[in-house]
Amino acid sequence: MKLIGSKTEQELREQLIKSKESLFGSEEKKRLLEVLRNIYPKMNTVYILHWIPEQGEIFIKY
């Protein structure tokens, strides 16, 4: 996919950066980050691509 520097691209980039900062910087998500690191030990970064909050559970795509 060729990037053209559009406003949509910039907004998406900002959302991805915020999702990364949220995961790596949040005390609440510390356990989730630990689980991801156990599964993917060579992981340097991760972005939340999609999430759906449901009653009692949350579905997240990384």
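Between Val35 and Ile39, some side-chain heavy-atom pair lies under the 4.5 Å cut-off.
Under the 4.5 Å side-chain heavy-atom criterion for ILVMFWY residues, a single connected hydrophobic cluster contains both Met43 and Ile48. Hydrophobic clustering (ILVMFWY, side-chain heavy atoms < 4.5 Å, transitive): Leu49 and Leu32 are in distinct clusters. Transitive grouping of hydrophobic side chains (ILVMFWY, heavy atoms separated by less than 4.5 Å) keeps Leu16 and Leu23 in distinct clusters. Phe24 is not connected to Ile17 by any chain of hydrophobic side-chain contacts under 4.5 Å among Ile, Leu, Val, Met, Phe, Trp and Tyr, and they are in different clusters.
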- Message: Using the rule given for side chain to side chain donor-acceptor pair (under 3.5 Å), can you reason through Gln10 versus Glu14, listing the C-alpha separation, both sets of side-chain angles and the distance that settles it, and then say yes or no?
- Response: CA-CA 6 Å; Gln10 184 61 33; Glu14 290 171 5; 3.1 Å; yes
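With sequence neighbours excluded, no residue forms a side-chain contact (heavy atoms from CB on, under 4.5 Å) with Lys18. Residues satisfying the salt bridge (Lys or Arg N to Asp or Glu O under 4.0 Å) criterion with Lys20, sequence neighbours excluded, are absent altogether.
The side chain to side chain contact (heavy atoms under 4.5 Å, CB included) test with Arg31 singles out one residue from Glu34, Glu28, Glu27, Lys29, and that residue is Glu34.
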